[in-house]
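Here's the structure we're looking at; comments come further down.
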2 protein chains.
Amino acid sequence: MSLRHAVLGLLADHPASGYDLLRTFQTSLANVWPATQSQLYTELNRLAEADLVTVAAEGPRGRKEYAITEAGRTELLHWLTEVEPQRNRRSDALLRVFFLNQVDPERARAYLEREGAVAAERHEGLRQLERSVDWDSGGDLAFYGRLTLEWGLRFTRMQQEWAVWAAEHLRDRTPGDAGRP
Amino acid sequence: MSLRHAVLGLLADHPASGYDLLRTFQTSLANVWPATQSQLYTELNRLAEADLVTVAAEGPRGRKEYAITEAGRTELLHWLTEVEPQRNRRSDALLRVFFLNQVDPERARAYLEREGAVAAERHEGLRQLERSVDWDSGGDLAFYGRLTLEWGLRFTRMQQEWAVWAAEHLRDRTPGDAGRP
DNA sequence: GACTCCATGTAAGCGGTTACATGATTTT
DNA sequence: AAAATCATGTAACCGCTTACATGGAGTC
């Protein structure tokens with residue numbers, strides 16, 4: 001149930017409408033906790049129902065600006081410091097590797113190489129993001145955003161390096177007859 | 001819908017009962033695609049319904065041994081080579097980092113250090129697993145299992161190193177008054 | 001006979017995805 | 001006037017989690 005806390009976390013910084021939050025979820029948070037429009041609006045209504053947020057103002061076009069309440073802040077801090085993160089992660093990309101013995105080594109290598117290429121692309125995308133953001137604003141959010149971005153950079157690099165290593169390992173193991181005397 | 005393919009992948013190697021598969025999911029696959037007992041039995045019935053697996057034999061205590069069918073193999077290969085992996089991952093641990101500006105730097109550092117410690121533990125656990133498995137059996141599954149394990153080792157190491165880096169970065173930024181002249 | 005392990009099934013509830021639906025305001 | 005953007009809401013479906021429920025077979 002972390003969408004709830006993602007919303008609280010954003011509103012803790014400053015009030016925003018569902019529409020505002022949506023854009024944040026589709027940009028800054030896209031790589032950490034993506035959320036859809038449908039999900040967001042439902043959750044905002046639930047949060048308001050539970051008095052963790054309130055409708056602070058109403059604007060044109062039915063716009064509702066939400067603000068976090070004291071109870072919301074308490075809940076956020078509780079989650080931040082006292083709730084153990086769920087660390088078990090599923091990876092269907094890795095699951096495929098597990099079953100790569102079902103295809104011939106060439107296809108297996110092709111799969112690994114594609115994984116490496118995709119990781120490299122994502123890495124490059126994050127590097128571009130890094131360049132495009134003003135990190136010197138001094139804001140706390142910028143600082144911690146930088147930390148999560150660094151995680152992403154390291155993660156994608158690790159994946160890329162692993163894929164290269166795995167493909168090589170595979171080649172060494174089954175010296176394909178192609179390109180050999 | 002990858003539980004389906006995880007089951008097919010396992011049955012592609014050799015027939016097994018739901019109970020057998022369950023143990024595999026709770027051990028070898030635990031770090032890649034965990035599944036519960038409830039989920040597994042439901043999925044096996046669905047797979048049988050769709051003729052992707054069949055009940056090859058019935059044993060004592062109502063044991064049903066499932067085997068993959070030709071249609072099942074086709075579906076597995078399709079998924080393996082033609083379906084693009086879903087790569088967007090949620091991480092509530094990382095989401096917390098994003099909102100760490102809500103707590104004081106000391107608590108933030110404590111959080112990062114704990115993340116590092118957990119990563120180190122998991123790394124050690126995987127190293128032990130590595131030692132306990134006979135990788136020289138020559139089996140394909142052992143080979144590809146090794147690749148996924150290596151991924152885990154690199155991932156946990158990366159996380160640990162990142163956590164150390166992040167905690168240091170945080171210290172440099174806000175030179176706490178504790179332990180300073 | 002009691003305990004443990006093997007073995008399967010089902011029901012309630014929740015969070016996430018996809019799709020549909022509506023309408024006001026601003027821009028071109 | 002038309003198009004783009006802002007803005008919210010809801011319904012169907014699916015997969016995962018938790019919990020409950022049942023019983024056969026082997027072991028002490």
Side-chain angles (χ1 to χ4, degrees), chain A residues 1-8 11 15-27 29-50 52-66 79 83-92 95, chain B residues 1-8 11 15-27 29-30 32-50 53-66 79 83-92 95:
Chain A
M1 196 162 60
S2 282
L3 171 64
R4 157 158 300 200
H5 301 106
V7 172
L8 288 175
L11 291 180
S17 71
Y19 197 80
D20 294 338
L21 293 171
L22 182 60
R23 272 174 309 174
T24 307
F25 273 98
Q26 286 170 346
T27 54
L29 280 181
N31 297 299
V32 175
W33 203 273
T36 63
Q37 174 264 342
S38 161
Q39 220 179 329
L40 237 180
Y41 283 104
T42 314
E43 189 58 42
L44 279 168
N45 282 324
R46 272 205 278 258
L47 281 164
E49 180 68 24
L52 299 176
V53 305
T54 49
V55 179
E58 306 209 16
R61 286 178 276 204
R63 176 191 172 93
K64 293 195 235 170
E65 195 162 72
Y66 291 92
W79 173 78
V83 180
E84 193 72 359
Q86 288 271 134
R87 291 192 188 80
N88 52 329
R89 14 179 75 251
R90 292 181 163 84
S91 166
D92 71 326
L95 184 62
Chain B
M1 193 159 63
S2 283
L3 172 64
R4 154 157 302 200
H5 301 106
V7 172
L8 288 175
L11 291 180
S17 70
Y19 197 80
D20 295 337
L21 293 171
L22 182 59
R23 274 175 309 174
T24 307
F25 273 99
Q26 286 169 346
T27 54
L29 280 182
V32 176
W33 203 272
T36 63
Q37 175 264 342
S38 162
Q39 220 179 329
L40 238 180
Y41 283 105
T42 313
E43 189 58 42
L44 279 169
N45 283 324
R46 273 204 277 256
L47 281 164
E49 180 68 25
V53 305
T54 49
V55 178
E58 305 210 18
R61 288 176 278 202
R63 175 190 173 94
K64 292 194 232 170
E65 194 161 71
Y66 291 93
W79 174 77
V83 180
E84 193 72 358
Q86 288 270 135
R87 291 191 189 81
N88 53 328
R89 11 178 79 250
R90 291 182 164 83
S91 165
D92 70 325
L95 184 62

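Fair warning: this is a prediction, and the values are worked out from it, not measured in the lab. Letters A, B, ... mirror the listed sequences (proteins, then strands); counts begin at 1.
Atom P of nucleotide C:dG15 and atom CG of B:Leu95 are separated by 15 Å, given to the nearest angstrom. One can place CD of B:Gln26 at 14 Å from P of C:dA7, the figure rounded to the nearest angstrom. Between B:Tyr19 atom OH and D:dG23 atom C1' the separation is 14 Å, expressed in whole Å. Spacing between atom CG of B:Leu40 and atom P of D:dT18 amounts to 15 Å, rounded to whole angstrom units. Put simply, CG on A:Asp92 is 15 Å from C1' on D:dC16, counting in whole angstrom units. A straight line from CG of B:Asp20 to C1' of C:dT8 spans 13 Å, rounded to a whole angstrom. Protein atom OH of A:Tyr66 is 13 Å distant from nucleotide atom P of D:dA7, rounded to whole Å. In this structure, the CG atom of A:Leu22 is 10 Å from the P atom of D:dT8, given to the nearest Å.
By the salt bridge (charged side-chain N to carboxylate O under 4.0 Å, His left out) test, A:Arg4 is found to be paired with A:Glu43, residues two or more places apart in sequence or in another chain being considered. Looking at residues two or more places apart in sequence or on another chain, you find a salt bridge (charged side-chain N to carboxylate O under 4.0 Å, His left out) between A:Arg87 and A:Glu84, B:Glu115. For the side-chain contact (heavy atoms from CB on, under 4.5 Å) test, residues two or more places apart in sequence or in another chain that qualify with A:Val32 are A:Leu29, B:Leu94, B:Leu95. Legend: residues meeting side-chain hydrogen bond (donor to acceptor under 3.5 Å, both in side chains) with B:Glu49, ordered by chain and number and at least two apart, are absent. Here A:Glu65 pairs with A:Arg63 under the salt bridge (charged side-chain N to carboxylate O under 4.0 Å, His left out) rule; sequence neighbours left out.
A 6.0 Å sphere centred on CD of A:Gln26 holds more than 12 heavy atoms belonging to other residues, nucleotides or ligands.
Checking the phosphate oxygens (OP1, OP2) of C:dG9, no side-chain nitrogen or oxygen of B:Tyr41 falls inside 4.0 Å. For A:Arg63 and D:dA7, the shortest distance from a side-chain N or O to OP1 or OP2 is below 4.0 Å. Phosphate proximity of D:dC14 to B:Arg4: absent, as no side-chain N or O sits under 4.0 Å from OP1 or OP2.
Minimum atom distance to the side chain of A:Arg46 is reached by C:dG15, of the listed C:dC6, C:dG15, C:dG9. Comparing C:dT25, C:dC5, D:dC16 by their nearest atom to the side chain of A:Pro60 picks out C:dT25. Minimum atom distance to the side chain of B:Arg90 is reached by C:dT17, of the listed D:dA7, C:dG9, C:dT17.
Both A:Leu3 and B:Asn45 lie near DNA chain C, and the one whose nearest nucleotide falls closer to the 5' end is B:Asn45. Of the residues near DNA chain C, B:Thr42 and A:Glu43, the one whose nearest nucleotide (by heavy atom distance) lies more toward the 5' end is B:Thr42.
Taking the side chain as every heavy atom from C-beta outward, B:Val55 and B:Tyr66 approach each other to under 4.5 Å.
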Output a table of nitrogen or oxygen pairs between the protein and nucleotides 18-20 of chain C separated by less than 3.5 Å.
residue: C:dT18; atom: O4; partner: A:Ser38; partner atom: OG; Å: 2.9

